[in-house]
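Convention: sequence-line order gives letters A, B, ...; per-chain numbering from 1.
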Amino acid sequence: MPVQKVNDSSDLDAKVPSHLQRTSITSLTMTSEPSHRCVKATVVHKGPVISCAQKDGIKMLRAEIKEEDPLQRTAEHTSINVIFFGTLAKDFSQSARQGDVVLLADFTIKKSPSFLRDKLHPCQLEMDGQDACVYVCPSAAPSHGPSSSEAKYTYVPLNDLKPKTVVNVYGVVTFFKQPFPSKGSDYCSTLKITDQSDVKVGCNIFSKKLEDHPVIFRVGDIIRLHRFKTDMFRDSMSLLNTFGWSTVTFDGTIDSPVVPRTSSKSFHFGESDIRTVEELRQWAANQSWISKDLTVSLSLVKPGMYFDLTCQLLAKAVMDSRCILLKVWDGTKCQHPLLKVAVASDALEGESTVAKDRMNLTANVLVYDNHLEVARDLKPGTFLQLYNLHALLQRAPDQQPDQPDHLSFHLHGGTSYGRGLRSLPVESPALQSLKSVLEKHVDLDEYDEVNDGTLLEIWYTPPEAVEADTGPSYTVLTCEHNTRRLTLARVKRSTPPLSCHVRARVKKYKPQQLYQCLKLFCSNCKTMEDVPDDSAVAKVFRESAKDNQACDEQWAATSSASSREPGRTISMHISRDMVGESSHMQLIFVEGTTLDEICVLSRDYKNLVPVRSVNGRMTLMDLTAPFLFSGDKRCYGCKQCSVNTFQNPVFTGVETWDEQAVAKALGVQLMQYRLLIQFELEDQTDTLEAVLWENAEKFFHVSAVDASGSQDLQDKIQTVMDTIQPPDSSLEERPLLDLCLSVYTVKDNDRNKVCYQITNTEIKEE
DNA sequence: GCTTAGGATTCG
């Protein structure tokens, strides 16, 4: 028998088998050796037995136990969660209750997954398997309340009530209204209760003080009434509070802690009360009216419905003297688009709901008239229960005729059907599932924090004079972003990363000498440099030609000729491996030429590699010069990343020699041609520097490598630029450009720098 | 002093 009952706490100690050692909960750590240890503590919470879907439906029960040793009163982590598995869960549920002292032996210690949330204990105990066992000592004393002796109260079943008597009763709440001002001097609570007799009794409670009224959260709550007067009204018994009255309420959830809710400073509460509450809970669970709980999640709300909502308040705003807007959520996504109620951000109290709005998670609740008294004092973050909320389809102000109507929520004036609202304490059992749903959205909060500024700008600020810039754009957007167009001023205020659209003109651009927009880029080390100009390259050739001793390589067949200059010999080398192959004329090594001469030669030969001689050995030139002339293309190698394997080049196994194949054979890291232009954009709100880089070839419809060898293509880029920004033009003369901008940060000397890059944009070609 | 309300949809 894994769960055993004992009569006395001292028996518990006697039960401890001699090989077990008592351990304090405070001292438990992940590295504690659990075997042959036991803990003794009081059950402060016992959850229901549940089936765990992730673990093949195994039965589980969570309990919280607390060490009561007075010596440890100041110590942290005196409470710990215990998970019981399988039959242990069932046995524990039946044998132990809140307030009992238990002794747990041969548990396993696991990391607590809820520690961040409940701050209880970094570990949890798991009771599973053959060895684990539990001894339970039922508590003799009442587990709650200041009462020192068991009260001598008698409770009259509801079917035994006689008129004009003062009684104490217990009942389950089947209907209730939050306290409302009566026409007299007091607030009035109206409720209806029932018990195992199934007789329903109406009850009115009058009190000037709101806090003296019973704290009822939902149908199914259990209420205890002391000193209420009975009377007949419309053929039914009714109850009215009378002198010396008190009420105590309890949550109706089976197996939830029996915690009395009352404002009374002293009240009797004992073991018999716990039993009565548990019996009523058990009985009510099987009654059909209890299932008429009207609490519905947002995901299940249908238009026209009246329902109760358990939710969290995100933000609120006073609309007028008779209406307050509550922005709430319950973590579920509504099936209908939710009405967005725009409120000036300075009128809104609470967090921004922008990210949640976008995911259709925020319900806008309009609270009217008599409910303002409660709504006014609510603080964002509070958990709420809204009663008899009305879901209404409504047309948004800017809505197109073909779009669906939006769902709005009204808490109408009046108290019919218990209409009203109240805050729920965080520990309320009704909130447990809500809180776990909300926790799944923590990412959303982070997203909110990162992007809030940006999104707020986009959604809540009216357009700033962008309307003036209407007319055709010289560019088209190729993206599918559905973002609203922003002014440059607003883009500058945004928080990266972000993609957005702007409409602007080009005030200036760099480089003004457009051939300088051609760059060499190493995809390996990300180095970017200018394409060397001809004078620098020519100088490398001249220096290399000074070594007049021709190369003599075993692997090469050589032919030489005298140049026009005395003493300079031009040599051409071909790999012997390639002689006789179809590719043998595809790759020729040239020595002793000037830049001009190799350019002439490149008209007749596909791939020319300029080389020089160092002590008779063939070597690549300084990589300032192209390592390959391929038709009109000049190919450059990266000075950092090239590994010169020229000593033993391998030329076999290549069918077609292109720049990649040559670079590979020579151990050269090929550099790519890229286009880079820096624009200064301008609109009516601001100016902004944006680069055209990754998207540049698409923007101009020009390939960078082709442009490197083609004056026509370079002229084409110049023509585009002259159209975008005609020389000596005024702002109005320049064409409008629709641009997609990417806003991002780069590390610059350990500091984050915000960059703007034009993406997804092309020029229009007529 | 010893009523008030005694359920039963707003109309924004």
Side-chain angles (χ1 to χ4, degrees), chain A residues 158 161 163-164 166 169 171-194 199-210 212-214 216 218-221 223 225 227-245 247 289 292-294 296 301-309 317-326 339 341-343 363-372 375 386-397 405-421:
Chain A
L158 295 178
L161 294 175
K164 309 268 184 200
V166 174
V169 297
V172 187
V173 176
T174 64
F175 171 80
F176 67 102
K177 278 184 182 184
Q178 299 300 332
F180 57 93
S182 71
K183 291 202 178 75
S185 55
D186 298 345
Y187 283 101
C188 175
S189 287
T190 293
L191 51 139
K192 193 160 273 181
I193 60 172
T194 187
V199 167
K200 290 187 178 58
V201 175
C203 176
N204 287 306
I205 299 162
F206 292 100
S207 174
K208 278 187 181 43
K209 290 185 193 161
L210 264 179
D212 286 347
H213 282 257
I216 305 173
R218 56 200 295 187
V219 164
D221 279 356
I223 190 163
L225 306 175
R227 297 195 61 82
F228 273 62
K229 198 170 72 182
T230 59
D231 210 346
M232 291 301 283
F233 180 74
R234 290 188 189 162
D235 298 329
S236 291
M237 200 60 73
S238 70
L239 293 161
L240 185 67
N241 57 325
T242 180
F243 182 74
W245 68 282
T247 71
W289 50 262
K292 285 186 194 147
D293 184 0
L294 297 167
V296 165
V301 172
K302 302 275 180 287
M305 207 167 171
Y306 286 94
F307 66 104
D308 295 351
L309 180 67
V318 175
M319 305 299 280
D320 59 52
S321 65
R322 293 184 58 192
C323 181
I324 285 182
L325 169 71
L326 300 182
L339 186 77
V341 180
V343 177
N364 285 287
V365 179
L366 293 163
V367 173
Y368 291 102
D369 301 341
N370 55 313
H371 308 300
L372 260 58
L386 300 167
Y387 305 97
N388 196 239
L389 195 54
H390 195 185
L392 280 171
L393 280 183
Q394 209 164 310
R395 203 133 264 272
D405 285 347
H406 289 65
L407 212 50
S408 65
F409 300 93
H410 294 242
L411 194 69
H412 298 299
T415 61
S416 311
Y417 282 87
R419 188 179 306 132
L421 74 164

Quiz item: In whole angstroms, how far is the C1' atom of dT10(B) from the OH atom of Y368(A)?
Solution: 9 Å

Exercise. Whole angstrom is fine here: how far is it from NE2 in H410(A) over to P in dT10(B)?
Key: 14 Å

Practice problem: Check whether NZ of the Lys or CZ of the Arg K177(A) lies under 6.0 Å from the centre of the six-membered ring of F175(A) and within 45 degrees of that ring's axis. | Solution: no

Practice problem: Answer with base, sugar-phosphate or nothing: what part of the nucleic acid does G413(A) contact at a heavy-atom distance below 4.0 Å? | Solution: base

Quiz item: So does D369(A) reach the base of dG12(B) with its side chain, donor to acceptor, closer than 3.5 Å?
Solution: yes

Exercise. Before giving the answer on ring pair (Phe, Tyr, Trp, His ring centres under 6.0 Å), spell out for H390(A) and F409(A) the whole-Å C-alpha distance, their side-chain angles and the decisive distance to 0.1 Å.
Key: CA-CA 5 Å; H390(A) 195 185; F409(A) 300 93; 9.7 Å; no

Quiz item: Between K208(A) and F180(A), which has a closest nucleotide on DNA chain B that is more 5'?
Solution: K208(A)

Practice problem: Using atom CZ of F176(A) as one end and atom P of dG7(B) as the other, report the distance to the nearest whole Å. | Solution: 16 Å

Practice problem: Nearest whole angstrom, please: distance from the C1' of dT9(B) to the CG of L366(A). | Solution: 17 Å

Practice problem: With DNA chain B as reference, determine whether P181(A) or H390(A) sits nearer its 5' end, using the nearest nucleotide of each. | Solution: P181(A)

Practice problem: Please measure how far the P atom in dG6(B) lies from the corresponding atom in dC2(B), and state the result in whole Å. | Solution: 22 Å

Quiz item: Roughly, in whole Å, what's the span from CG in N370(A) to P in dA5(B)?
Solution: 14 Å

Quiz item: Can you tell me if the side-chain N/O atoms of R234(A) get under 4.0 Å from OP1 or OP2 in dA5(B)?
Solution: no

Quiz item: Going by modelled atom types, is there a donor-acceptor pair between the base of dG7(B) and the side chain of K177(A) at under 3.5 Å?
Solution: no

Quiz prompt | For atom CG of N241(A) and atom P of dC2(B), their distance in whole Å | solution = 16 Å

Quiz prompt | Nucleotide dG12(B), atom P - distance to CG of L411(A) in whole Å | solution = 16 Å

